[in-house]
Amino acid sequence: MIDVVAKSLYVAEKQLNEAQIQYTVIVTRPTRHIAGLSEDCFYVIRQQFHDGVYHLVAAAKMGREKC
């Protein structure tokens, strides 16, 4: 089992693709607009493994720093 929690979505997808593992991704969004939301940098915040498929939940990095 591969652990991809807390990794960037890019790295997680690359790792799962290299291992030829199927996955789905759901990206969360805040309920209201927040300044400083970085749309380019998503991180895996949750993973579940069911029927041979990884189900990932990703969220954008919050804050003023660039990724």
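We number each residue from 1, following the sequence as shown. Not measured: the values here are computed from a predicted model.
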Got a list of side-chain donor-acceptor pairs under 3.5 Å for residues 9-22, not counting sequence neighbours?
| residue | atom | partner | partner atom | Å |
| --- | --- | --- | --- | --- |
| Q15 | OE1 | K7 | NZ | 2.9 |
| N17 | ND2 | E13 | O | 3.1 |

Only distances under 3.5 Å count here; give the side-chain donor-acceptor pairs of residues 45-55 to other protein atoms, sequence neighbours excluded, each with its distance to 0.1 Å.
| residue | atom | partner | partner atom | Å |
| --- | --- | --- | --- | --- |
| Q47 | OE1 | V4 | N | 2.9 |
| Q47 | NE2 | I2 | O | 3.1 |
| Y54 | OH | I2 | N | 2.6 |
| Y54 | OH | I2 | O | 3.3 |
| H55 | ND1 | T24 | OG1 | 2.9 |

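Taking each heavy atom of F42 and A58 in turn, the nearest pair found is CB-CB, 4.3 Å.
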